[in-house]
Amino acid sequence: MRPDLQSGSTAVLTTMQNFDPDTHVGPLPSPCINVCTMDQASGLCQGCRRTVPEIIAWSRASETEKRTMWREIQRRTIQNP
């Protein structure tokens with residue numbers, strides 16, 4: 001993670017881990033937090049923990065697909081905080 005993100009990184013990770021896409025009411029929010037820097041080693045955005053194909057697909061994805069992406073983001077966040 002970038003050094004300049006350290007101060008807010010714990011709060012962001014906690015929010016992402018605690019968000020429940022299964023009980024959320026209404027359209028699922030984008031996981032984007034405007035920290036759009038791809039990690040070359042993992043292939044994930046350092047902000048939202050999505051891959052480039054997931055980021056591209058988000059705007060056209062169904063709520064079911066978005067829910068699946070949120071679950072994957074949470075799995076990645078828990079495995080690699």
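Sequential numbering from 1 along the given sequence is applied to the chain's residues.
Judged by distance alone, with hydrogens and angles left aside, the side-chain atoms of E63 form no donor-acceptor pair with the main-chain N or O of P27 at under 3.5 Å.
Ion pairing between a basic and an acidic side chain is recognised when a charged N comes within 4.0 Å of a carboxylate O; R76 and E54 show such pairing.
Heavy-atom minimum distance, P29 versus H24: CD-NE2, 3.7 Å. Here the closest non-hydrogen pair linking C45 and C48 is SG-N, 3.6 Å. Closest approach of M38 and G43 over heavy atoms only: CE-O, 3.3 Å. R71 and P21 get closest at one heavy-atom pair: CG-CG, 4.2 Å.
The CG atom of N18 sits 8.5 Å away from atom CD of Q74, with the distance rounded to the nearest 0.5 Å. For the atom pair Q40 CD and Q46 CD, the distance stands at 9.5 Å (nearest 0.5 Å). In this structure, R49 CZ and L44 CG are separated by 5.5 Å, a value rounded to the nearest 0.5 Å. In this structure, D39 CG and T51 OG1 are separated by 13.0 Å, a value rounded to the nearest 0.5 Å. To the nearest 0.5 Å, atoms CD1 (I73) and CD1 (I78) are separated by 12.0 Å. The distance from atom CZ of R50 to atom CD of E72, rounded to the nearest 0.5 Å, is 13.0 Å.
Ring geometry for W58 versus W70: interplanar angle over 60°, hence perpendicular rather than tilted (30 to 60°).
Tracing side-chain contacts under 4.5 Å through hydrophobic residues (I, L, V, M, F, W, Y), one reaches M69 starting from F19; they form part of the same cluster.
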